[in-house]
Amino acid sequence: MKQQYPIGVFDSGFGGLTVLNSIIQSLPQYDYIYLGDNARTPYGNRSFETVYEYTREAVDWLFKNNCRLVILACNTASAKALRNIQQKDLLNYGPQHKVLGIIRPVTEAIDSYSKTKHVGILATQGTVNSESYIIEIKKFFPEMTVVQEACPIWVPLVETLEYKSTGADYFVKKHIDQLLKKDSLIDTIVLGCTHYPLLIDKIRKFVPEYIQIISQGSIVGNKLADYLERHPEIENLCSQNASVQFYTTDSSDSFNILASEFFEKEISSIKVAFK
Ligand code: DGL
């Protein structure tokens, strides 16, 4: 009988659940393992070396726990660790092991959203500093103007469940105003952090209506479906029992409460340690 495996989905914390939700909507038939590194979140302000080390440990854990295809459902990890993992670490695992990020799918598709060809990126400090969005968008669409704004407080607002509080308005408005001040022609804003869709009501409140706001989830879900169609050798490795398992590096009780809110379903997780 052929061996098949669940698809691994990784984030520094809860944000990747917004991507997992959309992936499951596009591809409900597969099995998924979600891993949140809640004990060490947020990654956004950490150094390149640290994000790479943490992400490599998480990917290694997912491979050891039976995944062959891993999605980094975290922009910071995609920006700072993906290339090294793909070019160096995967050589140690063998050809069946694949790791995909979530920045490229959005940058490939961005042209179909923006008419003015002026795009704004809201992301963590790490993603902004890496300039991954600018580099990737320019690769596909050199004529585009891309401006960025780091929102270092937004992930903590989400992780501490303050994202619906009135106090959060100040920080949401502040960064949107700063982004829009950088380029008045922006007609499209990318939420370049998987935590940010949780703040969508507040973001919408402060962004003019003519500006489109793009969350990554649905784009990533569709692009993954397309990837699996183009790579039958990988698709054949994916087991199909429509199951999801949740793992966290911090307390599973706290994870269950918050993750159930983000995932919009009851969740029962297991706590794991990498070492
Ligand atoms: N959700 C992650 C992202 O998409 C990272 C948040 C963080 O850990 O700072 O960038």
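Keep in mind that what you see is a predicted model, and the values were worked out from it rather than measured. Both ligands and their constituent atoms are indexed starting at 1 by order of listing.
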All N/O donor-acceptor pairs, side-chain side in residues 118-129, below 3.5 Å, sequence neighbours left out:
residue : atom : partner : partner atom : Å
His118  : ND1  : Asp183  : OD1          : 3.4
His118  : ND1  : Asp183  : OD2          : 2.6
Thr124  : OG1  : Thr76   : OG1          : 3.0
Thr124  : OG1  : Thr127  : N            : 3.2
Thr124  : OG1  : Thr127  : OG1          : 3.1
Gln125  : NE2  : Asn129  : OD1          : 3.1
Thr127  : OG1  : Thr76   : N            : 3.4

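- A distance of 12.0 Å separates CZ in Arg83 from NZ in Lys88, rounded to the nearest 0.5 Å.
- Protein residues having at least one heavy atom under 4.0 Å from any atom of ligand 1 are Asp11, Ser12, Thr41, Pro42, Tyr43, Gly44, Cys74, Asn75, Thr76, Thr124, Val155, Cys193, Thr194, His195, listed by chain and number.
- A distance-only check finds no donor-acceptor pair linking the side chain of Asp187 to the backbone of Ser114 [under 3.5 Å].
- The side chain to side chain donor-acceptor pair (under 3.5 Å) test applied to Asn241 returns Asp31, not counting sequence neighbours.
- For the pair Arg40 and Tyr43, the NZ or CZ position fails the cation-pi test of under 6.0 Å to the six-membered ring centre and within 45 degrees of the ring normal.
- Under the side-chain contact (heavy atoms from CB on, under 4.5 Å) criterion, Asp111 pairs with Lys117, Phe141, Glu143, Met144, not counting sequence neighbours.
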